[in-house]
Amino acid sequence: FLFIFLSACSTMSARKAAGPRSTPAAAVQDNKTVLNPEVYYHFLSGQQCLADQNLGCALNEFTAALDYDNESSYLHLQICQIHTLQGNFEEALTWCQKAAALDPLHTETRFLLARIYAAVNRIDDAASEYSALIRINPEDEEPYLSLTLIYAAQKKYPQAFKTIHKLLT
């Protein structure tokens, strides 16, 4: 997991449009963005804090890492997850929206965003996220089922049946 993150950090922005990043700590060399080592330090420190079940410490470290790589959807997602664990759903929502804006095709982020919308009673927004997840990956059953449950809870039975029918066919 750690290796995957570190690799993703160092290559993620290379997939984006060419040019310098907005963070002053990053530099472009040979059309590849090189991140400041502070990002990795704070990320690893945040992971250690999570392993120690110290959410406040982890939140501080991941936030510090953003000072060096503010375009990291993964760091935004980590902060969102910590706020979710702490029950700070409105704050989690803000961070998850930022993560989704940075990487709109990342399904883990979009699922969490839909769940947070539901938790703060923004049911139409949750339904919209589940619909987006179906468009992103029509083979995944979970967004169909979640969207069906939302429609059923709202007594929108025709939409519920239509959604579950799409899954079954």
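Residue indices begin at 1 and follow the sequence shown.
Residues Cys80 and Ala92 approach most closely at SG-O, 3.3 Å, considering heavy atoms. Nearest heavy atom pair, residue Leu113 against residue Ala100, reads CD2-CB, 4.0 Å. Among all heavy-atom pairs drawn from Pro143 and Phe111, the shortest one is CD-CZ, 3.5 Å. In terms of heavy atoms, Tyr151 sits closest to Thr163 at CE1-OG1, 3.4 Å. For the pair Arg110 and Ala132, the tightest heavy-atom approach, listed with the atom from each and the gap, is NH2-CB, 3.1 Å. Of all heavy-atom pairs between Ala114 and Ala126, the closest is O-CB, 3.4 Å.
Applying the salt bridge (Lys or Arg N to Asp or Glu O under 4.0 Å) test to every pair with at least one member in residues 133-149, sequence neighbours left out, gives these pairs: Arg115-Glu142. Legend: salt bridge (Lys or Arg N to Asp or Glu O under 4.0 Å) pairs involving residues 73-102, not counting sequence neighbours: none detected.
Taken from NZ in Lys162 to OG1 in Thr148, the straight-line distance is 12.0 Å, to the nearest 0.5 Å. In this structure, the separation between CD1 on Ile116 and CG on Asn88 is 10.5 Å, given to the nearest 0.5 Å. Distance OG1/Thr84 to CG/Leu112: 5.0 Å, rounded to 0.5 Å. Of the inter-residue distances, the one linking Leu59 atom CG with Cys49 atom SG reads 10.0 Å to the nearest 0.5 angstrom. Atom CG of residue Leu50 and atom OG of residue Ser45 lie 11.0 Å apart, to the nearest 0.5 angstrom. The CG atom of Leu77 lies 12.0 Å from the CH2 atom of Trp95; values are rounded to the nearest 0.5 Å.
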Check the pair Asp125 / Glu129 against side-chain contact (heavy atoms from CB on, under 4.5 Å), numbers first and verdict last.
CA-CA 6 Å; Asp125 290 327; Glu129 284 303 314; 5.9 Å; no

Verdict with reasoning, Asn36 to Glu38, per side chain to side chain donor-acceptor pair (under 3.5 Å)
CA-CA 5 Å; Asn36 185 309; Glu38 292 288 328; over 6 Å; no

How far apart are the C-alpha atoms of Ile164 and Tyr144, what are their side-chain angles, what is the distance that settles it, and do they pass the side-chain contact (heavy atoms from CB on, under 4.5 Å) test?
CA-CA 6 Å; Ile164 199 70; Tyr144 290 96; 5.6 Å; no

Going through the checks in order, is the side-chain contact (heavy atoms from CB on, under 4.5 Å) test met by Ile150 and Tyr130?
CA-CA 10 Å; Ile150 285 175; Tyr130 287 124; 3.6 Å; yes

Test side-chain contact (heavy atoms from CB on, under 4.5 Å) on Cys96 and Thr109 and set out the steps.
CA-CA 7 Å; Cys96 203; Thr109 300; 4.0 Å; yes

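Hydrophobic cluster membership for Tyr41: none, as no Ile, Leu, Val, Met, Phe, Trp or Tyr side chain comes under 4.5 Å of it.
Leu133 and Leu105 are members of different hydrophobic clusters when ILVMFWY side chains are connected at heavy-atom separations under 4.5 Å. Hydrophobic clustering, with ILVMFWY side chains joined whenever heavy atoms are under 4.5 angstrom apart, groups Leu44 together with Leu75. Hydrophobic clustering (ILVMFWY, side-chain heavy atoms < 4.5 Å, transitive): Ile123 and Ile134 are in one cluster.
Using modelled atom types and a 3.5 Å distance limit, the side chains of Tyr74 and Glu108 yield no donor-acceptor pair.
At a threshold of 4.5 Å between non-hydrogen side-chain atoms, the residues Asp103 and His76 do not count as touching. Gln78 has its side chain within reach of Gln47: a pair of non-hydrogen atoms, C-beta onward, lies under 4.5 Å apart.
Ring pair Phe43/Phe62 is tilted by interplanar angle, where 30° to 60° counts as tilted. Using cut-offs of 30° and 60° for the angle between ring planes, the Tyr68 and His42 rings count as parallel.
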